[in-house]
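No experiment lies behind these values; they were computed from the predicted model shown. Values below: every heavy atom of this structure, side chains too, minus hydrogens, waters and symmetry copies.
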Amino acid sequence: MFNRDRWKEILEVLTSNVWRTLLTAFGVCWGIYILIILLAAGKGLENGIKKDFGDIATNTMFMWTRSTTKAYMGLPKGRSFEFKLEDVQTIRDNVPNLRFVSPRNRLGGFRSASNVVRGIKTGAYNVYGDYPEIINQDPMTVTSGRFLNQNDINEKRKIAVIGLGVKSDLYDKGEEVLGTYIKIQGVNFMVVGTYKKNSNDGDGEEAQKEIFVPFTSFSQAFNTGNDVSWMAITANDGSSISVLKERIIQTMKNKHKVHPEDQRAIGYFDLYEQYNRVESLFGALKGVAYIVGIMVLLSGIIGVSNIMLIVVKERTKEIGIRRALGEQPWSIKKQILMESIFLTIISGMIGIVFGALFIYGVNALLEAVGPVDMFLNPSVSVGVVAGALMILMISGLLAGFIPAQSAIKVKPIDALRTE
Amino acid sequence: MIEIKELHKSYQMGSNSLHVLKGINFTAKEGELVAIMGSSGSGKSTLLNILGMLDVADSGEYYLDGVPIKDLNETKAAKYRNQFLGFVFQSFNLINYKSALENVALPLYYQKIGRKERQEKAMKYLEQVGLKEWATHLPSELSGGQKQRVAIARAMAAEPKVLLADEPTGALDSTTSYEVMDLIQKINDQGNTILVVTHEEDIAHMCKRIVHLKDGVIVEDKKIKQVRVTQNV
């Protein structure tokens, strides 16, 4: 393969008709260029959408109570009920493979009145009563101090972890935050930490304006007793929450005497299902990109095959001479195949380079004009490029195959007779 | 060196078949210089093609240097051609994008001889035909006689057992024809077996033996007194 004479000959043949070679190369070049750009665009869209999911544990569901719609066991329909703290243990006992089951309570909400006071400053924030595990399900970075821990839960400490948005509202610049008190609905909590969430979607701003306090302190301070307003449940890696969800809901229906066929009594949101839907959408998108790209590439490959046929036709006599001089048929075949592969790979690599430059340009542009919604960092992985080269190699081989076959089909005597 | 017995060959021309060679018996010893003569259609080129393994006979035996030539597939034929035979064609058949030296080196390349040795050998043969200074020239930059000399050098480079020349002077004027025949005689003097197909009487008489072919059979086979192109050898 690394034979100097062979390569010299390949170059001689391909440069003997430069324009023809260039035009042929353009077909392949264009095909791979389109393929790379399509894949990169798909990746950009995927990156953009996935960024919106943030770092949230995606194998998660949320579950809350609503009023019943069916009478059951002597209880009327239209009854409201609440999850209780014991339900967490019940779920853990009855459903395997759950990683986190976090009961949650909340104070305040969208456009609610101011509920937090510090000195003369006030603000309206979401205040959550949570267990320490929530940081694994709704990831945030603790920027100073600490997050909640089990001792806080056990001793019902009145402490709070506030978002950077809260800090900038209630505190002056440079003011010490840790150890200060804020008053949440008339109850003082000591600030022990600040956090920052990395999410960039619409409520990115909102996500920084939350306050986390221990679940038990929340219950005591705001009189919610044993009630749990909703739960965030994450399954172990390897088992899907979408599969486990039915069992969890049935367990809760049993416990709260809800008719087993009551579809409305327990509300839920399956994040994993949503995520999977998005995931499969991108799978399909990638498939379409591959199909379209390879189709375009295919027309380039057919071009190469055509030209190689013409080259073989033109060189019929030369091939006859070579065979009269004793060249082996497979050596001629190899020569034609290598010319074809060489042409395909070189033009393909040019296509890849141009595609990469285009992607680089788009990235630079995106950086210059700022983030665009749902589109981020279009790129192709090294694996895709390697795959593209593989496709090129195979298609070069295919493109050269018929011409190579026709080259050795001509008998030397007939080849020599052609004038 | 060459031995053929009862060689038959016919071509299928549409519905009727054309019997070209009708039982040829022929022997050539080592060091012979044989002219094969005959009018067009007499089958002389067909005979040469079969001898050159470019074509296959319908029936008959063919021994080349004691090796039976039969059941040839293309790979085997290519190997034999490369080892045993050198070709010189009427239309030179040089590869036009390769220099004279590369053309001569080509059969050596197929023998898998290293690049350096190949070029040295090719240069040696080019020198023998007096074209050393033209080594880097393309065929298009050479005259007809020069081209044929390059072709002869190429045929000799592989050191074949037999040199087959199909109308080597057919495309040349008489002066260059004699130059080429002079070269062929000199190569024959070194002990090489050469078969020349020609229809020119004067060229034929520069050989040592003339075989006349007519309608697919040998009608005359005689040794002659060779006419030397240059007397002062």
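Remark: A:Leu366 CG is packed, more than 12 non-hydrogen atoms of other residues, nucleotides or ligands lying under 6.0 Å away. Open room surrounds CD on B:Glu30; 12 or fewer heavy atoms of other groups in view lie less than 6.0 Å from it. Counting heavy atoms of neighbouring residues, nucleotides and ligands inside a 6.0 Å radius, atom CZ of A:Phe282 exceeds 12 of them. With a 6.0 Å radius and a threshold of 12 heavy atoms from other residues, nucleotides or ligands, B:Lys121 has its NZ atom above the threshold. Counting heavy-atom neighbours within 6.0 Å of B:Tyr11 OH, excluding the residue itself, gives a total above 12. Other residues, nucleotides and ligands place more than 12 heavy atoms under 6.0 Å from the CD atom of B:Gln190.
Of the two parts of A:Glu12, only the side chain, counted from C-beta on, holds a non-hydrogen atom closer than 4.5 Å to a non-hydrogen atom of chain B. B:Tyr97 touches chain A through backbone and side chain together, each having a heavy atom under 4.5 Å away. Only the side chain of B:Glu102 comes within contact range of chain A, with heavy atoms under 4.5 Å apart. Heavy atoms closer than 4.5 Å to chain A are found nowhere in B:Leu85, neither backbone nor side chain. Using a 4.5 Å cut-off between heavy atoms, B:Phe89 touches chain A through its side chain atoms alone.
The shortest heavy-atom contact between A:Pro329 and B:Thr75 is CD-CA, 3.9 Å. Residues B:Leu106 and A:Leu325 come closest through the heavy atom pair CD2-CD1, 3.9 Å. Taking each heavy atom of A:Glu327 and B:Ala78 in turn, the nearest pair found is O-CB, 3.5 Å.
From B:Asn96, atom CG reaches atom CD of A:Glu318 across 7.0 Å, with rounding to the nearest 0.5 Å. To the nearest 0.5 Å, the span separating CD on B:Glu74 from CD1 on A:Ile332 amounts to 8.5 Å.
In terms of heavy-atom pairs under 4.5 Å with chain A, the best-connected choice from B:Lys79, B:Arg115, B:Lys98 is B:Arg115.
You'll find the side chain of A:Glu9 stays beyond 4.5 Å of the side chain of B:Ile95, heavy atoms only. For the pair A:Arg322 and B:Tyr109, the minimum side-chain heavy-atom distance is 4.5 Å or more.
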